[in-house]
Each structure stands twice: as C-alpha cells, then as structure tokens.
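Atoms within a ligand are numbered from 1 in the order they appear, just like the ligands themselves.
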Amino acid sequence: MKTDYDKKAATEIILGFDNRPEMLVQILHAFVARFAYLGEDGVRQIATELNLSRAEVWGVVKFYHDFRTEAPGRTVIKICQSEACQAMGSRDLTAHAEKTLGISMGSGDRAHTLEPVYCLGNCACSPAVMIDDQVYGRVDTRRFDTLVTDAESQ
Ligand code: FES
C-alpha cells in the first residue's frame with residue numbers, strides 16, 4: 001500500500017468516478033485503498049475536483065469511522081470486536097495487543113496501527129484478526145505475537 005500522495009493518481013481516481021459528487025463515499029474509499037489515509041492534500045483535491053467545500057468533504061470523512069486520517073504504521077493490525085469474537089476472547093487479545101505493542105486500540109505509532117473492526121466474516125474461527133489485509137482465525141496471544149513478528153519481517 002502506497003502512502004505517498006500523488007496528485008496525478010488522485011485525479012485518475014476521481015475521474016474514474018466521472019467527478020460526480022454523489023460518488024464521494026466511493027471516491028474516499030478508493031483514496032484510502034490507494035494512499036492508506038485521507039489527509040489535507042487529498043481532501044483539498046477532492047473538494048476542488050468535485051466542486052464541494054473542504055468542510056463538506058471533511059464532514060463525510062469524519063462521519064464514517066472507516067476513513068483513516070493519518071498515515072498508518074508499517075503494520076496495520078485489526079482485531080474483531082464483534083460478538084462472536086468477543087465470546088472467544090477478542091477483548092483479552094486486544095488487551096494483550098495494546099500491552100505488547102505499547103499503543104491503545106484506535107491509535108498507532110510509526111511501527112503499528114491497531115484498529116477495531118466489526119466482523120471479518122470469519123466468525124466460525126473466532127477470534128479473528130487482520131494483519132496488513134490478511135485475515136487470520138483462532139488467534140490467541142501466542143499466535144498473535146508470531147503473526148505480528150512475521151508481518152514485521154516482510
Ligand atoms: S464476529 Fe469476528 S469475524 Fe465475525
């Protein structure tokens with residue numbers, strides 16, 4: 001996932017949606033998929049090219065919790081917080097992750113970003129974790145440490 005902002009690539013994304021303001025949410029998703037987060041440069045360009053105010057674009061960005069607004073750490077870790085995973089220990093796993101990574105859920109540093117997610121479609125193998133877009137099931141604290149170490153070495 002590239003995080004460097006590229007104005008030309010951003011224009012191509014917006015053109016892919018025919019510069020239609022009603023496609024704003026889809027454009028925002030495409031930006032996050034391409035640049036990993038939505039920053040001031042991206043919001044300004046989207047607003048200009050869709051003929052919206054920056055406040056309008058930021059309003060949508062802030063409304064949806066899925067849109068990351070800061071550059072993520074090198075390894076992005078999501079732990080499922082939904083019911084099935086909670087029943088199988090995701091709260092304890094979250095506490096372990098916060099302690100071992102030294103960050104709290106919903107935050108990060110240059111090395112790691114730790115985010116909640118609400119069902120990864122892997123309920124039968126709870127608790128589920130996503131590390132850098134790869135889903136893992138039946139993750140206990142020991143496996144968590146191994147998966148994070150493996151992801152860091154790639
Ligand atoms: S509830 Fe966690 S993967 Fe579905």
Undergrad: With a 4.0 Å heavy-atom cut-off (strictly under), which part of Cys119 contacts ligand 1: side chain, backbone, both or neither?
TA: both
Undergrad: Indicate yes or no: at least one non-hydrogen side-chain atom of Thr69 is less than 4.5 angstrom from one of Trp58.
TA: yes
Undergrad: Is the ring pair Phe144/His96 parallel, tilted or perpendicular, if the boundaries are 30 and 60 degrees?
TA: perpendicular
Undergrad: Of all the non-hydrogen atoms in the protein, which one sits nearest to atom 3 (S) of ligand 1, and at what distance?
TA: Leu120 N, 3.2 Å
Undergrad: Say whether Gln45 and Thr48, considering side chains only, have a donor N or O and an acceptor N or O under 3.5 Å apart.
TA: no
Undergrad: Within a reach of under 6.0 Å around CD of Glu152, are more than 12 heavy atoms found that belong to other residues, nucleotides or ligands?
TA: yes
Undergrad: Show the atoms of ligand 1 that are less than 4.0 angstrom away from any heavy atom in Cys85.
TA: 1 (S), 2 (Fe), 3 (S)
Undergrad: Would you check if there is a donor-acceptor pair between the side chains of Gln81 and Ser90 at a distance under 3.5 Å?
TA: no
Undergrad: Taking only heavy atoms of Cys80 into account, list the atoms of ligand 1 that are under 4.0 Å away from them.
TA: 1 (S), 2 (Fe), 3 (S)
Undergrad: When hydrophobic residues are tied together by side-chain contacts of less than 4.5 Å, even through go-betweens, does Met130 share a cluster with Leu93?
TA: no
Undergrad: Give a yes/no answer: is there an N/O/S atom of Cys123 under 2.8 Å from atom 4 (Fe) of ligand 1?
TA: yes
Undergrad: As an exercise, identify every atom of ligand 1 less than 4.0 angstrom from a heavy atom of Asn122.
TA: 3 (S)
Undergrad: With heavy atoms of Ser82 as the reference, note each atom of ligand 1 found under 4.0 Å away.
TA: 1 (S)
